[in-house]
Amino acid sequence: MLKAGFIGAGGRSQGAHYPNVHRLERDVEMCAVCELDEDRLDQVAKKYEFPQVYTDHKKMLGEADLDVIYCVMNEKWILQTAIDCMNAGKHIFIEKPPGANLEETEQLLEAAVSNNVFAMVGFQRRYTAVTREAMRLVAEKGPVSSIVTTFNKQMLGGDGKEFTSTLWNDVCHIVDLTRYMAGSEPVEVSAYQDKFGGESYNNYTALIRFENNATGVILGNRASGGRVLRSELHGVGIGCYMKIPQEIEIHEDNQVRTLGGWEIDGGEEEDVASYEGVLTMHQHFVDCINKNEVPHNDLRDVIHSIRLVDQLEAKE
C-alpha cells in the first residue's frame, strides 16, 4: 500500500482530489497533510483522519514516511514546493498548469528526471470515459483525421494584469486533450488571441497540423455565454462527438448511437466521479507507481502540451 501525503487543502483539493484518493483506500493510505490555513487543515484532518498534520511541508518531508505526495497548489506557488518533494525522492501529483510558465515547467521536469520520480499532471480529460471510448473506437478504424475541442465560459472584464492567462491556467486542458487525441506532435500552428469585453485575452482559436497528418481545431472562448466543454474525434468512417463527461454520440458508417459516460464502464449515472476522469486518473497513478511505469500524463509527456500552449500564447 502506498503511503500518501497531501500539501494544500483548497477548493480543488477538497472537491476532487481528497475524496477520489480516499476511494482508493485499498491501494493508498492517507498518512499526512500540510496546509497553511489552519481552518482548512482542521477540516481535512478530521474528515480523513490524518494521523500526521503539518503547517510546514519541509517538516512533513523530514518526518513522515511517504511514497507519494499530492501537491495541489496554485501555479504562483507550486515550483519550489514540488521541487522540494521530488528532491526528497517522492513521486508527486500536481494540478495544471505545472508552473507559472514554460521555464518553470521545464525545471519541474528536470527535477523529476534527476530524482527518478514521477510527476503526474492533472489533465483528467484524458481519462474521461467518453474520451477513452472515442479513442478506442477510432483506433479500430484507421488513423485519426481531425480533432475539435471546445471549452467556453463567460469571463468578461479583466484588466490585463492577471498573474497568468486563462489560456495558460485553464484552456490548457483542451490543448493537452487535442494533442493527446491526435497521438502526434504539432508541425504547423496558426493561432489567434482576442479581447472581448475587457482588457484581458479571453478568446483563443487555433488550427494545428500534426506529424501524422491529423488536424486539430481548438476553440477556447471566455467571452461566451456560459460553460461548455465538448470535443470531436474523427477517423475513417467514424466520428465521435463528446459532451464531456456526460455522453458520446457515435456516427459510424451512417449509423448513429449514443452512450452515457457512465454506461461505458458499467457505472451509475449519479457516480459522476467514476466517469468524469479524476478517479480513473488517480487509479492510473497508483498502478504506475506500483509497476514502476511512467504515467501517460507525467511531465515527461505533458511538457510537449505545455510547449504547445506556450506556442499558442506567443501568437498575438
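Residues Val33 and Tyr54 fail the side-chain proximity criterion, which asks for heavy atoms closer than 4.5 Å. Residues Tyr204 and Asn221 are not in side-chain contact: their nearest non-hydrogen atoms beyond the backbone lie 4.5 Å or more apart. Here the side chains of Cys31 and Leu66 are in contact, with some heavy-atom distance below 4.5 Å. At a threshold of 4.5 Å between non-hydrogen side-chain atoms, the residues Val302 and Arg126 count as touching.
Between the side chains of Asn115 and Asn87, at least one donor-acceptor pair of N or O atoms lies under 3.5 Å. Tyr127 and Asn297 are linked by a side-chain donor-acceptor pair at a separation below 3.5 angstrom, with hydrogens and angles left out of the test. Gln43 and Asp39 share no side-chain donor-acceptor pair at under 3.5 Å. Side-chain contact of His17 with Glu95: a donor-acceptor pair under 3.5 Å is present, judged by distance alone. Looking at Glu75 and Thr164, their side chains do bring a donor and an acceptor atom within 3.5 Å of each other. With no hydrogens or angles considered, no side-chain donor-acceptor pair links Thr149 and Ser231 at under 3.5 Å. With 3.5 Å as the limit, one finds no donor-acceptor pair spanning the side chains of Glu269 and Tyr275. A donor-acceptor contact under 3.5 angstrom links the side chains of Ser200 and Glu162, judged on distance only. In the model, Arg230 has no side-chain atom that pairs as donor or acceptor with a side-chain atom of Thr150 under 3.5 Å. Glu313 and Gln193 share no side-chain donor-acceptor pair at under 3.5 Å.
Under the 3.5 Å distance criterion, the side-chain polar atoms of Thr166 are left unmatched by any main-chain donor or acceptor of Asn202. Put simply, the side chain of Thr81 never gets that close to the backbone of Ile78: no donor and acceptor are under 3.5 Å apart. Remark: side-chain polar atoms of Asn212 are paired, donor with acceptor, to backbone N or O of Ala182 under 3.5 angstrom. Looking only at distances, no side-chain donor or acceptor of Ser305 sits under 3.5 Å from a matching main-chain atom of Asp301. Distance alone, capped at 3.5 Å, places no donor-acceptor pair between the Glu249 side chain and the Thr258 backbone. Judged by distance alone, with hydrogens and angles left aside, the side-chain atoms of Asp42 form no donor-acceptor pair with the main-chain N or O of Glu38 at under 3.5 Å.
With Ile248 as reference, Val130 is the one residue of Thr128, Leu233, Val130 to meet the side-chain contact (heavy atoms from CB on, under 4.5 Å) rule.
Residue Ile69 is grouped with residue Met73 when hydrophobic side chains (ILVMFWY) are merged at heavy-atom distances under 4.5 angstrom, including chains of intermediate members.
Here Phe163 sits alone; no ILVMFWY side chain lies under 4.5 Å from its own, so it joins no hydrophobic cluster.
For the pair Arg222 and Phe151, the cation-pi test (distance below 6.0 Å, angle within 45°) is passed. Figure legend: Lys96 and Phe123 shown without cation-pi pairing, the cationic atom not lying both under 6.0 angstrom from the six-membered ring centre and within 45 degrees of its axis.
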Mind listing the side-chain donor-acceptor pairs of residues 236-246 below 3.5 Å, one per line with the distance, residues two or more places apart or on another chain?
none

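Separation of the Phe6 and Tyr18 ring centroids falls under the 6.0 Å cut-off.
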Show, in sequence, the C-alpha distance, side-chain angles and deciding distance for His91 and Phe285, and conclude whether the ring pair (Phe, Tyr, Trp, His ring centres under 6.0 Å) test is met. CA-CA 10 Å; His91 301 295; Phe285 190 32; 7.1 Å; no

